[in-house]
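Structure incoming, see below.
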Amino acid sequence: MGTTAIPAGGGKAIVIMGVSGSGKSTIIEILAKSLNCNFIDADDFHPQSNKEKMRQGIPLSEEDRIPWLEALRDALRDSLDNGKTILLGCSALQTRYREILRCGDPNYELGSYVSLVVKFVLLDAKAEVLTARLNKRAAEGKHFMPANLLQSQLDLLQIEESEGILRVDATLSPQEVVSTVIASLSL
Ligand SMILES: Nc1ncnc2c1ncn2[C@@H]1O[C@H](COP(=O)(O)OP(=O)(O)OP(=O)(O)O)[C@@H](O)[C@H]1O
Ligand SMILES: O=C(O)[C@H](O)[C@@H](O)[C@H](O)[C@H](O)CO
C-alpha cells in the first residue's frame with residue numbers, strides 16, 4: 001500500500017493563525033484543554049537563528065520560513081497518521097505558507113484550498129490592539145518578538161476568500177474565542 005491512506009480515526013488539524021499578538025499561543029492552550037488534544041506552538045519549531053533575527057527586529061525571509069513550515073507540516077502529518085486531532089498556533093500569513101501546512105493532510109490536492117482535515121482560524125484584531133498587547137508583553141519581558149515587527153506581519157497577511165478561513169474577533173475574551181471556534185467548526 002502507498003502512503004496516501006486517509007488518516008486513521010478521523011483526526012483533524014486546526015491551525016490558529018494570525019499576526020504577532022493576535023493570541024495564538026493563548027488560544028491553543030485553552031482550546032487544547034477543551035478538546036483534550038495536543039497542541040503545537042510554532043514558535044517552538046523555530047531554529048535559534050530565526051528567533052535571534054526576530055529578537056533583533058528583522059522580519060523572517062522566505063528562506064527562513066519554508067523549512068520551518070515544512071517541519072510543522074510533518075508534525076501535523078504525524079498526528080493525523082495516528083488518527084489524533086492536533087492544534088497548531090502559527091502565523092501562516094500567506095496563502096502559499098498555508099498550502100504547505102495543508103499538505104499535512106495526505107489527501108490534500110494543492111490549489112484546491114479544501115482540506116477536510118486541516119482547517120484555519122484567523123484571529124482578527126486591529127493594529128492598535130495588537131500593538132498595545134505586544135508592548136505590554138515586551139515590558140513584562142515575556143517574549144522574544146518585538147512590537148516593531150508587527151507592521152511587517154500585517155503587510156504580509158493575505159487572506160483569500162476562496163480559502164474559507166474562519167475569522168474570529170480576537171478582542172473577545174480567550175474563553176469566548178474558544179467557544180466560537182468550537183461552535184463554528186462543530187468540534
Ligand atoms: N483574547 C485576548 N484578550 C486579551 N488579551 C489577550 C487575548 N489573547 C491574548 N492576549 C494577550 O496578548 C498577548 C499576546 O498573546 P499571545 O502571545 O497569545 O499572541 P501570539 O499570537 O501567540 O503572539 P506571537 O505570534 O508574537 O507569539 C499576551 O500578553 C496575551 O496574554
Ligand atoms: O511568520 C513569522 O514571521 C513568524 O511566525 C512570527 O510570526 C513569529 O513566530 C511569531 O509571531 C512570534 O511569536
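As the structure lists them, so they are numbered: ligands from 1, and atoms in each ligand from 1. Residue numbers run from 1 in the order of the sequence given.
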### Task
For Gln158 and Thr95, indicate whether the former's side chain and the latter's backbone hold a donor-acceptor pair under 3.5 Å.
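A pair under 3.5 Å: yes.
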| task | Check whether any side-chain N or O of Arg73 sits under 3.5 Å from a backbone N or O of Leu101 as a donor-acceptor pair, and report yes or no. | result |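 Here the side-chain-to-backbone pair does not exist.
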- Query: Short list, please: which atoms of ligand 2 are under 4.0 Å from a heavy atom of Met145?
  - Reply: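 Answer for ligand 2: 11 (O), 12 (C).
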**Item:** Candidate with minimal heavy-atom separation from atom 26 (O) of ligand 1, of Ser20, Ala138, Gly18
**Value:**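 Among Ser20, Ala138, Gly18, the closest heavy atom to atom 26 (O) of ligand 1 comes from Ser20.
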Q. At a non-hydrogen distance cut-off of under 4.0 Å, which region of Trp68 contacts ligand 2 (side chain, backbone, both, or neither)?
A.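 Answer for Trp68: side chain.
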- Message: Quick check on contacts: which atoms of ligand 2 are under 4.0 angstrom from a heavy atom of His143?
- Response: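 Result: 12 (C), 13 (O).
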- Query: When you measure from atom 8 (C) of ligand 2 to every protein heavy atom, which one gives the shortest distance, and what is it?
  - Reply: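 Of every protein heavy atom, Met54 SD, 3.6 Å lies nearest to atom 8 (C) of ligand 2.
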Counting only nitrogen or oxygen atoms and a 3.5 angstrom limit, does Ser173 reach ligand 1?
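Not met; the criterion fails.
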Exercise. Out of curiosity, is Lys136 lining ligand 1, as in a heavy atom under 4.0 Å away?
Worked result: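 No, that is not the case, since the closest heavy atom of the residue is not under 4.0 Å from the ligand.
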Side-chain (Lys24) to main-chain (Asp41) donor-acceptor, under 3.5 angstrom
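Judged by distance alone, no pair lies under 3.5 Å.
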- Message: Out of all atoms in ligand 1, which are within 4.0 Å of some heavy atom of Leu172? Include the element for each.
- Response: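 So the answer, numbered in order with elements, is 1 (N), 2 (C), 3 (N).
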Output yes when a side-chain donor or acceptor of Asp78 lies under 3.5 Å from a complementary backbone atom of Ala75, and no otherwise.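 The answer is no, because no donor-acceptor pair under 3.5 Å joins these two groups.
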| said: Give me the residue, atom name and distance of the protein heavy atom closest to atom 7 (O) of ligand 2. | reply: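 Looking only at protein heavy atoms, the one closest to atom 7 (O) of ligand 2 is Gln153 NE2, 2.8 Å.
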- Numbering the atoms of ligand 1 from 1, which are under 4.0 Å from a heavy atom of Gly23?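 It comes down to these atoms of ligand 1: 8 (N), 9 (C), 15 (O), 16 (P), 18 (O), 19 (O), 20 (P), 21 (O).
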query: Does Asp41 come within less than 4.0 Å of ligand 1, judged by its heavy atoms?
result: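 Contact absent.
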Atom indices of ligand 2, in the order listed, that fall short of 4.0 Å to a heavy atom of Ser20 =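 Heavy-atom distances to Ser20 below 4.0 Å select 11 (O).
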- request: Give yes if a backbone or side-chain nitrogen or oxygen of Arg137 is under 3.5 Å from a nitrogen or oxygen of ligand 1, and no if not.
  value: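 It does: an N or O of Arg137 is found under 3.5 Å from an N or O of ligand 1.
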Nearest-option assignment for atom 10 (C) of ligand 2, heavy atoms, candidates Asp43, Leu60, Leu150, Leu93: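 Comparing heavy atoms across Asp43, Leu60, Leu150, Leu93, the nearest one to atom 10 (C) of ligand 2 lies in Asp43.
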Next on the checklist: So which atom in Leu149 and which in Pro59 form the shortest heavy-atom distance, rounded to 0.1 Å?
Outcome noted: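 The answer is CD2-N, 3.5 Å.
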Checklist entry - If you count the atoms of ligand 1 from 1 in the order shown, which ones are under 4.0 Å from a heavy atom of Asp43? => result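 Reading through ligand 1 atom by atom, the close ones are 27 (O).
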Original post:
If you measure from each heavy atom of Ile27 to ligand 1, is any distance below 4.0 Å?
Top reply: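 Contact absent.
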### Task
Give a yes/no verdict on whether any heavy atom in Ala170 is under 4.0 Å from an atom of ligand 1.
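Yes, Ala170 has a heavy atom closer than 4.0 Å to ligand 1.
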**Taking atom 9 (C) of ligand 1 as the reference point, the nearest protein heavy atom with its distance** =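 Looking at atom 9 (C) of ligand 1, the protein heavy atom closest to it is Thr26 OG1, 3.4 Å.
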Do Glu52 and Arg55 sit within salt-bridge range, that is, some charged N less than 4.0 Å from a carboxylate O?
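Judged by the 4.0 Å cut-off on N to carboxylate O distance, Glu52 and Arg55 do form a salt bridge.
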query = Going by the order shown, which atoms of ligand 2 are within less than 4.0 Å of some heavy atom of Arg65?
reply =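 Near Arg65, meaning under 4.0 Å from one of its heavy atoms, ligand 2 has 1 (O), 2 (C), 3 (O).
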Within-4.5 Å side-chain heavy-atom neighbours: Ser79 and Thr85: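 No, their side chains stay 4.5 Å or more apart.
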Atoms of ligand 2 less than 4.0 Å from Ser91 heavy atoms?
->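 Matching atoms, with element in brackets: 1 (O), 2 (C), 4 (C), 5 (O), 7 (O).
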request  = Tell me which one of Arg133, Glu176, Met145 gets a heavy atom nearest to atom 2 (C) of ligand 1.
outcome  =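 Shortest heavy-atom distance from atom 2 (C) of ligand 1: Arg133.
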Straight-line distance of Arg137 CZ to Ser20 OG, nearest 0.5 Å
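It comes to 5.0 Å.
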Point to revise | Which residue and heavy atom of the protein sit nearest atom 25 (O) of ligand 1, plus the separation | key: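 Protein heavy atom with the smallest distance to atom 25 (O) of ligand 1: Lys24 NZ, 2.7 Å.
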Exercise for the section: Would you check whether Pro174 reaches within less than 4.0 Å of ligand 1, judged by its heavy atoms? Expected result: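 Yes; Pro174 lies near enough to ligand 1 that a heavy-atom distance drops under 4.0 Å.
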_Taking a cutoff of less than 4.0 Å between a non-hydrogen atom of the residue and any ligand atom, is Ser22 in contact with ligand 1?_
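Within the 4.0 Å threshold, so yes.
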Could you walk me through whether Asp155 and Ser152 satisfy the side-chain hydrogen bond (donor to acceptor under 3.5 Å, both in side chains) test, starting with their C-alpha distance in whole Å, then the side-chain angles of each, then the deciding distance to 0.1 Å, before giving a yes or no? CA-CA 5 Å; Asp155 292 345; Ser152 67; over 6 Å; no
task: Indicate yes or no: at least one non-hydrogen side-chain atom of Leu156 is less than 4.5 angstrom from one of Arg65.
output: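 Yes, side chains in contact.
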For this session: Could you tell me whether Arg102 and Glu99 make a salt bridge, using a distance below 4.0 angstrom between a side-chain N and a carboxylate O?
Result: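 Looking at Arg102 and Glu99, the cut-off is met.
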**Q.** Aromatic plane relationship, His46 with Trp68 - under 30° parallel, 30 to 60° tilted, over 60° perpendicular
**A.**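 Taking His46 first and then Trp68, their aromatic rings lie parallel (interplane angle under 30°).
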**OP:** Could you tell me which atoms of ligand 1, counted from 1 in the order shown, lie closer than 4.0 angstrom to a heavy atom of Val19?
**Re:**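 Counting atoms of ligand 1 from 1, those under 4.0 Å from Val19 are 21 (O).
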Practice prompt. Kindly compute the distance separating CG (Asp169) from CG (Asp124), expressed to the nearest 0.5 Å.
Written response: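 That separation rounds to 7.0 Å.
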